[in-house]
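Comments concern the structure below.
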Amino acid sequence: MSERRLFSTEAAAEYLSLSTSSFRTAVAPHCRKLHPVPGRVVWDRLDLDAWADGLSGRKPQLETVAQGTTPNPLDRFLT
């Protein structure tokens, strides 16, 4: 089974262990709203993960293999 990629506002808040109002205040301004169909707003899991990575000071992890490139193992030594 594939991992879920798009989340409603409520599901995105739950994914990050936040209330919906906290999500709207703290996270939503820093992530892109996606509109797959008119009147529907969803949030990309990769953007949510990048926001969470920023909290801990980690560099966001890009899914480079999914983008068709091979990650360079030496990149982890660069700051």
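Just so you know, these numbers come straight off a predicted model, no measurement behind them. One-based numbering along the sequence shown.
- Not counting sequence neighbours, the partners of Arg32 by the salt bridge (Lys or Arg N to Asp or Glu O under 4.0 Å) test are Asp47.
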Could you pull out every donor-acceptor pair under 3.5 Å between side chains of residues 20-28 and any protein atom, sequence neighbours left out?
from: Ser21; atom 1: OG; to: Ser19; atom 2: OG; distance (Å): 3.3
from: Ser22; atom 1: OG; to: Ser19; atom 2: OG; distance (Å): 3.0
from: Thr25; atom 1: OG1; to: Ser21; atom 2: O; distance (Å): 3.0

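- A 6.0 Å sphere centred on CD of Glu14 holds no more than 12 heavy atoms belonging to other residues, nucleotides or ligands.
- Summarising the geometry, atom CG belonging to Asp44 is positioned 9.0 Å from atom SG belonging to Cys31; distances are rounded to the nearest 0.5 Å.
- In this structure, Arg45 and Glu3 have side chains that are in contact, with non-hydrogen atoms separated by less than 4.5 Å.
- Summarising the hydrophobic clusters (Ile, Leu, Val, Met, Phe, Trp, Tyr; side-chain heavy atoms under 4.5 Å, direct or chained), the residues clustered with Val42 are Leu6, Leu34.
- In the hydrophobic clustering of this structure, Leu46 does not group with Val41; members are Ile, Leu, Val, Met, Phe, Trp, Tyr whose side-chain heavy atoms approach within less than 4.5 Å, directly or through other members.
- Put simply, CZ on Phe7 and CH2 on Trp43 are 13.0 Å apart, with the number rounded to the nearest 0.5 Å.
- For the atom pair CG of Leu48 and CZ of Arg5, the computed distance is 10.5 Å after rounding to the nearest 0.5 Å.
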